[in-house]
Amino acid sequence: MAETRAYIGRTQRVMLAIGLLPLLAALLSAIGSVPARPPNLAAQVAARMGDSGVTHPLTAVLLNFRGYDTMLEIAVLWLAGLGALALAPGPSAQRGRPHPVLAGLLRVLAPALVMTAGYILWAGGFRPGGAFQAGAVLGAGLVLASLGGVVHLDPARGLQCLLGLGVAVFTGVAVWSWAQTGELLHYPGTTDKWAILAIESMAALSIAFILLTLFDRLTSPSTSLSTSLSSSPPPPPAA
Amino acid sequence: MPDAGFSSAWLAAPIAVPLLAAIGVALLSARLRAGVCALGAVGTAVASFVVLARVAAAGPLRHNLGGWGAPLGIDLFADGLSVLMLAMTAVLGCAISLYASGYFEHARERQSFWPIWFLLWTGLNALFLTADLFNFYVTLELIGISAVALVAMEGGPVALSAAVRYLFMAMLGSLAYMGGVALVYAQTGALDLALLEGRLGEGPLGQAALALLIVGLLAKTALFPLHLWLPPAHSSAPAPVSAALSALVVKASFYILLRTSFGAFSDNALAAVGPILGILGGLAVLWGSLQALTQDRLKLMIAYSTVAQVGYLFLLFPVAMPGAGDAAWQSKAWIAGIFHALSHAAAKGAMFMAAGAILHAVGRDDKNSLRGLGERMPVSVSALAVAGISIMALPPSGGFIAKWMLLVAAVRTGQWWWAPLMIGGGLLAAGYVFRMVKFAFYATPAHAPPLHAVPRRLEYTALVLALIALGLGLASVFPIAVAAIGAPFPENWFTEAL
Amino acid sequence: MTLPLAFDVFLCAMLLGLAARTLFSRTLFQGVMFFVVYGLVMALAWARLNAPDIALAEAALGAGITGALLFSAVRALRDRGDREEES
Amino acid sequence: MPIFDSMLPLLVLMTSLVTAAVIFALGEERAKARTFFNLLGALAKLALVGFMLWGVFHERVFETRWRFMPQLDFVLRADSMTILFSTLSAGLWLLTTIYAIGYLEGSPNRRRFFGYFSLCVTATMGVSLAGNLITFFVFYELLTLTTYPLVVHRGTDKAIKAGSMYLRYTLGGSAAMLAGMLWLYVLVGPFDFAETGALSALDPRLHWQLIAIFVLLIGGLGVKAALIPLHRWLPEAMVAPAPVSALLHAVAVVKAGAFGIVRVVYDVYGIEFSRDLGVLPGLAAIAALTILYGSIRALTQDDFKRRLAFSTVSQVSYITLGVSLFGPIASIGGLVHLVHQGIMKITMFFAAGNVAEALGAHKVSELDGVGRRMPGTMAAFSVAALGMIGVPPLAGFISKWYLGWGAAAAGQYWALGVLAASSLLNAAYFLPILYRAWFKPQRKPWPHEHLRRGRFEISPWLLLPPVATAVLVVLAGLLAGHPFSPLGWVRIIAGREYLAP
């Protein structure tokens, strides 16, 4: 890219590489000294599983023990969607009629993907799965559907609400738990399972639509991203 | 911690309020936007200052999120350093919000700016209120992604290519940091800083972890020679975003480094890293200043000035590290660095805001378009000049106090060679600031095109911030006393001084 | 050599080989193809590492959506090339 | 300490700081209100300083103090030295304000001008009230920054160039001063200005460091005091409007430098300790060279204001010379010249400004017959010029008399030669102006004459200040024996600065 060269020259890149080489060497040498049985928190997690409302340790860590991290991570994902919408606020591209094979495939695949996503979400409580995976699968399905012209992305308020749903519910639960117990994200009594389920399902929905938004905005020919990045280097500002 | 009238859960308020504001402004109808924004900004600031007042009165606070407690859960933690950063963010945040409400009044960006901006604010507050290595990573992501989105928001090719470069650098930095955190966890099984005390950087594994952590953070702080992404990103963003980036965002990763290095680093590691950081900081001062001296565009000059000023921040490491000499003075160097961060935030915010107002009015920001602006936009030019005083570290500005304390500490601990660098850096700063400001003092050219009307709050917000940077020099005792709360140095070193 | 170990070694070799092919492929289209295959093999590797959830996410995101994005980018570049030739 | 006594120094600063704020807040076109607040501020300040004078005479202590960084206090304190400088500044501020109001009538950017003008006076008062080195430095730098907009006020290429040069010199000087201050602080810790000095207790093995610090500090202060070779900015800064030149030369910038040298020698090092360190002869030599150099350069200047500027270079160094010739009598001569040079030089700049304003005459060669055209202005100028030359019983005579006497008393007879030579040169470059003004007829029309309005040769706003200062020149000489005259006051100071009277 021509603009890139304007800021980072070849010598600078070489210097950067030379500077980073020792780091790489240190890293490689250090990998050998990772302890065979590293000290970790698995035992503690296992000990407190009973209090977490779920039986799968990963979900317990993500949604309960370190639920705060996850809340912020979902905010990060939301942010990605918001950023994509900010870049290209216009309507999405009109895709042509889908290929008949694709259309046929969609008819079979779409319901299956929705089912799979739902199962993965529910399974998260007791075995590997959860909101991120479910959202990813559902998102993939939505992308397929949009390629097939079945789903049409409309960057209006409805979409805004879908994108923010996960964060909103998570934050709402956090504030609610604060009001109930005086501690943020401390789910009162036996509500933990249901709180987690509410958060996970809404987060999955949001994640799916965030993925769709990202895909749609970044591929739509109307976006400023694709036009500007592929245009010739800009004229110098104000000669 | 039962305490009449104050629960430690209030620590979450400065995080929750802007997050709720972001959600509200994105989900509610456009008619309510102005109200939600105002409420969000003021509410966040109030929450931040409540925490500040509490910590100032009762010492460091800790809150176990979800009631689990470290190491299993995540703790929110606030000491003097945290609340100072929180207060800095609150002041700048309110100023930026006010400024942006004028700057984007009729612009397309007014829809997308607000939720992203409040998420950025959430990320900053969350970062300053945590003490968990992995949670730092999450907040860094929140900050980094929102910063990139804000840079890209303007949509022009210059802004976009700057944003993409920024994104790559932020990603690489995150990746390096994340790798470091993974290695730390593999070695120690802990992520909370209090549990890691003095254990970072031991053995080859620890050293590699530390190297990754530091490189990641330096890339995000834009310390020379990892600064290349900063000038294009900071100069091509819309003015309120530039202000947020230079004043706050670069401080976030610096804060992590500051917090981890004094406390979690082992003494040997700090002694090894300190001089390197100092040398890089010194080079940044020289390189950034010289580059700023050759820029012909106001915003680029200010951006390069940030490269230089970030360098000053890192000079505290060699002076404050253990074994550097006179122990009582190490704590002063540490505080000087923090104070520099505060006054630079106010001054740089003011400069970018003033530059934004000028750009708004004139349509350009090359030095010749500044001619005669002293008469036509006196408030903005004054803001630029007054903020410049703090950047040049002339008295009585906050920048001067910071530099003086660092200078004295450096000489007292036997590292006098930082003195010529810092004094020379001040002269260079005077050079680049006046090189621009002097154009404003030319008489207005006869053929000067008329100015676009600028909302008054743009100019006055900049001026108020500049005056805060100046006034910090006369009222430095309170912030310094706050910084001493829970500082990683013996308490009597502070009390004797204050 | 037991069968699972052999399979793991094969996976590792595949991953390295596919990464290299992705980097050094002659056309962008080919590179993206290899990238998608790489994502699928990576998903297998996650599954072998006892992380079926990550495997799922890798397949959906790494191979699926990212692949689709890259393909669309290749198309956009080709369209642009056509336009420039015309003009 | 009563609350009023601890607030008074701050109040003295506030009178002009608040005035500046009010002026900036008023619109450009609110000339009447601006004039009112300007004069109100100046009169209030004069009254407060008068009260302070009376109090210090009766040994009352006025001190404002707060901690502004670890182990360092921000100190404003009125001691006898302060009174000397702040009375001069407050008095001349009033007159210069009156003059500037008349001088700038109808010209653009007056809000900016008067705003910075007031800030500049605030900084000058701060310089005089500073109770320790760091507080002094704060105001010394503020002075640099607030005078810059005044120097470049006209906004021409020439003005901007002169402004850049001014900044290069002064900021370079401040870097040297900062380095010196830092070194001193690290060596001895925080200390306040104290009569008879604060450093003599230091271990003699560290004295070489004190000498180096002295060089750095004087190097920094010497820029503003226009010691050679650091004087070059001063003649260039003449592009500024006349009231600014008047202020720069008589009160603010140049005097702040000279006053700083006085502070460093008397109240940081202590005059006797300075002698023991052996730093005084070097300082005296530079001062003497500057006196001669400035006078010689002034001889050949045809531009009226440039001639006055080089005269300033020369005359200000009298102060430094008086300080560096060890002995109470020479000190009296040097210190009293701080005031005397101020009132004489400001008269001259007022007069030069009047001539330029009324007749457009900027060159000495254009002054033929100007005395008959502007008798009041030129009479004031003549009094000041004769005073500079040292004609009794005018103010300048008193200074030179004490300087010469002091040099003789200290056994430094070479200084007598410098004084005599300088007086001859003074006469050589001032008397021709007087001769042209009074005894030569007007040869050609004035370059750019404004129409005469009213009864006087020029607006009374412009005529009153030079006449008033000329009267002061006469009074300072005639009433030198009175305790509240500059000389009387300086004698009190000298009595306090020397360990053994």
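Listed options Y442(B), F434(B), F339(B) were ranked by heavy-atom pairs under 4.5 angstrom with chain D; first place goes to Y442(B). Between chain B and the options G172(D), P108(D), G163(D), P149(D), heavy-atom pairs under 4.5 Å are most frequent for P149(D). Interface remark: of the candidates I423(B), V437(B), T444(B), V379(B), I423(B) forms the most heavy-atom pairs closer than 4.5 Å to chain D. Ranked by heavy-atom pairs under 4.5 Å with chain B, the list W66(D), F139(D), Y148(D) is led by Y148(D). With chain D as the partner, the residue from G473(B), P378(B), A475(B) showing the most heavy-atom pairs under 4.5 Å is G473(B).
Contact annotation for L171(D): both backbone and side-chain heavy atoms come within less than 4.5 Å of a heavy atom of chain B. Interface remark: L474(B) contributes backbone and side-chain atoms alike to the contact with chain D (heavy atom separation under 4.5 Å). Using a 4.5 Å cut-off between heavy atoms, A419(B) touches chain D through its side chain atoms alone. Using a 4.5 Å cut-off between heavy atoms, L407(B) touches chain D through backbone and side chain atoms alike.
For Y460(B), the OH atom counts as loosely surrounded, since its 6.0 Å shell holds 12 or fewer non-hydrogen atoms of other residues, nucleotides or ligands.
Interatomic distance, CE of M392(B) versus CG of L428(B), reported as 12.0 Å (0.5 Å rounding).
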Dump the intermediate steps for side-chain hydrogen bond (donor to acceptor under 3.5 Å, both in side chains) on S107(D) and R154(D), then the final yes or no.
CA-CA 10 Å; S107(D) 72; R154(D) 295 213 193 275; over 6 Å; no
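Taking the six-membered ring for Trp and thresholds of 30 and 60 degrees, Y166(D) and W233(D) have ring planes inclined between 30 and 60 degrees apart.
Side-chain contact check for M69(D) versus F400(B): some heavy-atom pair is nearer than 4.5 Å.
You'll find the ring centres of Y140(D) and F259(D) outside the 6.0 Å limit.
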